[in-house]
Amino acid sequence: MNKEVRVRFAPSPTGPLHIGGVRTALYNYLFAKKNGGKFLLRIEDTDQTRFVPGAEEYIKESLDWLGITPDESPWNPGSVGPYRQSERKADYMQYALDLIEKGHAYYAFDTAEELEAMRERLTAARVVTPQYNSITRTQMKNSLTLPEEEVKARLESGEPYVIRVKVPRKEEVRLNDLIRGWVMVHSSTLDDKVLMKSDGMPTYHLANIVDDHLMGITHVIRGEEWLPSAPLHVLLYRFFGWEDTMPEFAHLPLLLKPDGNGKLSKRDGDKLGFPVFPINWKNKETGETAAGFREQGYLPDAFLNFLAFLGWNPGDDREIFSKEELVEAFSIDRIGKSGTRFDIAKAKWFNEQYLRTESNAALAAFIIEDAKADGIALDQAKAEAIASLTKERCTFPADMWNDNKFIAIAPASFDEQVASKKWNEEAVKVLLNYATSLEGYSGNFDASTAKTMLESSAEAEGIKLGKVMQAVRLAVTGAGAGPDLMEIFAILGVTEVAKRIRYALATLTVVG
RNA sequence: GGUCCGUUCGUCUAGGGGUUAGGACGCAUCCCUUUCACGGAUGAAACACGGGUUCGAUUCCCGUACGGACUACCA
């Protein structure tokens with residue numbers, strides 16, 4: 001196989017992309033890059049009734065956020081465009097007509113009521129699968145049953161019609177899925193799917209095959225929900241005479257809800273306690289916003305890494321992979337077969353891992369911005385010091401500021417539980433000493449100086465530092481837990497520490 | 001209902017005819033430590049079931065159960 005690998009991600013703009021779709025896009029991207037091929041994006045907007053404004057932009061923004069930008073797309077077209085099926089509308093009819101000519105498709109004039117009546121009749125006759133197929137089509141209004149003249153007359157009169165594929169009666173359809181191996185289906189279980197709708201638009205089945213062919217797609221990597229219709233697609237390639245260039249298929253296992261009860265869907269929104277969308281989606285009709293991973297504080301590379309491992313693994317114990325490493329390690333035969341439940345705890349873990357490896361300089365930007373929202377101006381140096389001190393204990397960038405505001409904001413109140421247990425005579429004595437020596441100090445104040453001075457303040461009273469440490473922390477931060485206290489002191493500076501201690505001394509009273 | 005797909009710790013998974021069934025998340029305990037975290041160590045925790053094939057099956061085959069997808073002029 002020396003043909004250039006070309007894969008596509010083909011979402012329909014019916015709303016925000018959900019993470020299952022994002023994973024499909026990711027696998028397509030990884031496969032293309034791994035094989036030096038191209039990753040295309042095609043918008044499948046053949047259902048005019050379900051079109052949602054903004055969905056297309058949403059898809060673009062989501063992929064850009066994750067850095068899996070298509071090589072060819074509506075916004076960056078290659079030579080096989082257009083990349084929106086609605087803009088290719090004029091071309092599909094000739095292919096459908098070609099099929100009719102070859103005897104593999106036919107016109108059908110049945111109304112919705114007639115189709116309904118047929119299904120009811122079949123159901124009443126206890127036919128297990130009522131469908132428009134090789135048997136029932138003989139009783140319907142189509143170009144196979146109607147006289148040629150009448151068909152012509154109906155077409156000329158402008159009567160609405162669809163074009164259906166003529167599925168052979170008895171045939172074994174085989175397909176070799178890259179993930180599942182040979183899948184065999186008997187054509188008698190397939191129905192005569194509509195290829196061209198009465199509004200002149202093709203259905204997914206026709207448009208998909210025609211476009212994949214025209215766009216030189218070599219591998220179709222898509223969700224498992226397409227597996228049942230894959231045999232029909234194989235049949236279509238055959239009817240068109242394109243079997244020799246038919247793409248290889250890989251049907252991805254589905255992303256399931258955390259309880260394993262059904263596949264993850266858009267409607268799950270935030271009900272499950274975590275986002276199902278890559279980025280925020282504002283529903284223009286309801287005005288409601290569905291949460292996205294980006295806005296929740298997930299780093300793009302961490303999210304990508306997490307997503308890649310939902311159904312795929314490299315075969316060894318490594319788990320942290322940059323995008324480039326994923327490309328290098330990726331292969332379709334290491335994709336699993338079974339559905340994957342979505343576990344948000346693991347996603348958080350990945351984010352934590354990535355947060356820790358981010359540079360303090362980069363993280364400082366988050367802290368500065370979040371502090372600003374609280375009306376606090378932080379300089380870069382101070383923000384970097386906070387980042388360095390806090391990033392190892394946080395899941396999201398925003399936690400660095402939100403969980404550690406006390407570093408920049410002097411406590412107005414103190415954790416009562418800690419105060420009642422730790423605020424005692426000894427602590428007061430030590431803090432009194434410490435405040436005094438801090439106030440008389442004007443040299444360089446770093447973490448070790450802060451500690452040395454605190455130690456001597458305790459020693460002077462013959463008190464062990466460990467006994468009063470919590471109280472010291474409480475006095476300066478208002479809380480009983482947090483990052484290394486002496487490092488915090490260094491960030492605060494000698495004057496501020498002394499000031500806070502004086503305030504605590506004046507505010508807190510020793511009880512019991 | 002029918003067609004198709006699937007089933008290893010709670011979750012993501014590695015493995016594959018003979019293994020103490022490995023790792024990760026989460027959980028628990030311990031260590032480190034001025035706290036909380038981080039980190040380190042340890043632990044509990046799995047081959048859905050029944051038949052075959054075989055000297056031997058978690059692994060191969062067949063059933064059953066369970067789960068899922070599909071079953072539109074939606075994708």
Side-chain angles (χ1 to χ4, degrees), chain A residues 10-14 44-47 49-50 85 108 110-112 115 119 123 126-132 160-164 177 179-181 183-186 188-191 193-205 207-208 222-231 251 253-254 256 258-263 306 309-320 334 336-350 352 356 390-394 403 418 422 451 454-455 464-474 477 479-486:
Chain A
S12 51
T14 55
E44 307 229 328
D45 53 351
T46 55
D47 186 355
T49 64
R50 293 208 308 159
Q85 290 184 328
D110 316 277
T111 64
L115 290 172
R119 289 189 191 106
T123 305
R126 283 184 290 170
V127 171
V128 281
T129 44
Q131 54 184 16
Y132 208 118
Y161 66 90
V162 300
I163 296 176
R164 287 180 180 272
D177 187 90
I179 293 172
R180 280 148 227 286
V183 175
M184 267 163 281
V185 172
H186 196 83
S188 62
T189 65
L190 267 24
D191 62 342
K193 280 268 182 299
V194 170
L195 262 21
M196 287 296 291
K197 300 185 264 187
S198 56
D199 65 357
M201 275 291 201
T203 58
Y204 172 87
H205 305 291
N208 193 261
R222 75 219 309 189
E224 194 188 350
E225 67 267 30
W226 292 108
L227 195 53
S229 56
H251 289 94
L254 263 13
L256 272 23
D259 59 4
N261 199 221
K263 72 168 177 175
F306 164 67
F309 273 71
L310 251 29
W312 172 87
N313 75 83
D316 56 38
D317 288 346
R318 292 174 301 157
E319 288 201 282
I320 303 297
R334 292 215 63 88
K337 290 176 168 60
S338 48
T340 303
R341 296 187 203 199
F342 192 85
D343 179 19
I344 196 66
K346 191 80 180 220
K348 286 182 178 168
W349 179 80
F350 272 108
E352 286 161 2
R356 278 167 211 154
T390 60
K391 67 180 177 186
E392 292 218 327
R393 48 202 305 119
C394 294
D403 295 349
V418 180
K422 303 287 182 181
K451 185 164 190 185
L454 181 57
E455 277 165 349
K464 281 188 77 179
L465 190 53
K467 286 189 76 177
V468 297
M469 208 59 192
Q470 289 266 160
V472 176
R473 173 180 292 279
L474 181 74
T477 69
D484 188 280
L485 231 207
M486 295 306 122

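A note on names: the letters A, B, ... follow the listed sequences, proteins ahead of strands, and every chain is numbered from 1.
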From [options], pick the nucleotide closest to the side chain of [X]?
X	options	result
Asp343(A)	C73(B), C25(B), U34(B)	C25(B)
Lys451(A)	A24(B), U3(B), U34(B)	U34(B)
Ser338(A)	C73(B), G6(B), G2(B)	G6(B)
Arg164(A)	C73(B), G1(B), C74(B)	C73(B)
Asp484(A)	C25(B), U3(B), U35(B)	U35(B)
Glu392(A)	C25(B), C38(B), C73(B)	C38(B)
Gln470(A)	U34(B), U35(B), U7(B)	U35(B)

Which distance, rounded to the nearest 0.5 Å, do you find between the [atom1] of [X] and the [atom2] of [Y]?
X	Y	atom1	atom2	result
Glu44(A)	Thr203(A)	CD	OG1	10.5 Å
Asp47(A)	Gln85(A)	CG	CD	11.5 Å
Leu195(A)	His205(A)	CG	NE2	8.5 Å

Worksheet item: Heavy-atom distance under 4.5 Å between the side chains of Pro253(A) and Arg180(A), does that happen here?
Response: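 Yes, their side chains come closer than 4.5 Å.
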Discussion item. Less than 4.5 Å apart, side chain to side chain, heavy atoms only: is that true for Thr189(A) and Thr129(A)?
Written reply: no
Report the distance from atom [atom1] of [X] to atom [atom2] of [N], rounded to the nearest whole Å.
X	N	atom1	atom2	result
Phe342(A)	G26(B)	CZ	P	15 Å
Lys348(A)	C38(B)	NZ	P	14 Å
Asp259(A)	U11(B)	CG	P	11 Å
Phe350(A)	U11(B)	CZ	P	18 Å
Tyr161(A)	C73(B)	OH	P	17 Å
Asp317(A)	A21(B)	CG	C1'	14 Å
Met196(A)	A72(B)	CE	C1'	17 Å
Leu454(A)	U35(B)	CG	P	14 Å

Once ring-ring contact (aromatic ring centres under 6.0 Å, His included) is applied, do any residues pair with [X], and if so which ones, sequence neighbours excluded?
X	answer
Phe309(A)	Trp312(A), Phe321(A)
Phe342(A)	Phe274(A), Phe306(A)
Trp226(A)	Tyr204(A)

Describe the nucleic acid contact of [X] in one word from base, sugar-phosphate, nothing, applying a heavy-atom distance below 4.0 Å.
X	result
Ser12(A)	sugar-phosphate
Met201(A)	nothing
Phe309(A)	sugar-phosphate
Val128(A)	base
Asp110(A)	base
Thr49(A)	nothing
Arg119(A)	sugar-phosphate
Arg50(A)	base
Arg334(A)	sugar-phosphate
Gly223(A)	nothing
Pro483(A)	base
Arg180(A)	sugar-phosphate

Would you please confirm or rule out a distance under 4.0 Å between OP1 or OP2 of [N] and any side-chain N or O of [X]?
X	N	result
Thr340(A)	U13(B)	yes
Lys197(A)	C74(B)	yes
Arg356(A)	G39(B)	yes
Asn313(A)	U13(B)	no

I'd like a list of close polar pairs between nucleotides 27-32 of chain B and the protein, N/O only, cut-off under 3.5 Å.
none

[N] versus [M] - spacing of their [atom1] atoms, nearest Å:
N	M	atom1	answer
A48(B)	U11(B)	P	12 Å
U53(B)	A75(B)	C1'	45 Å
A37(B)	A28(B)	P	10 Å

Worksheet item: Per the atom types in the model, does the base of C73(B) pair as donor or acceptor with the side chain of Ser198(A) at under 3.5 Å?
Response: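 Per atom types, the contact qualifies.
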Mind checking who [N] pairs with, Watson-Crick or G-U wobble, both distances under 3.5 Å?
N	answer
U20(B)	none
A14(B)	none
C27(B)	G43(B)
C66(B)	G6(B)

I'd like a table of atom pairs between the protein and nucleotides 62-69 of chain B - only N or O on both sides, under 3.5 Å - with the distance next to each one.
from	atom 1	to	atom 2	distance (Å)
G68(B)	OP1	Asn261(A)	ND2	3.0
A69(B)	OP1	Lys263(A)	N	3.3

Worksheet entry | Heavy-atom neighbours of Lys197(A) NZ exceed 12 at 6.0 Å | yes
Which side-chain N or O atoms in residues 343-350 of chain A pair as donor and acceptor under 3.5 Å with protein atoms at least two apart or in another chain?
from	atom 1	to	atom 2	distance (Å)
Asp343(A)	OD1	Ala345(A)	N	3.2
Lys346(A)	NZ	Glu319(A)	OE2	3.1

Item to complete: Enter syn or anti for the glycosidic conformation of C4(B), syn applying to angles within 90° of 0.
Response: anti
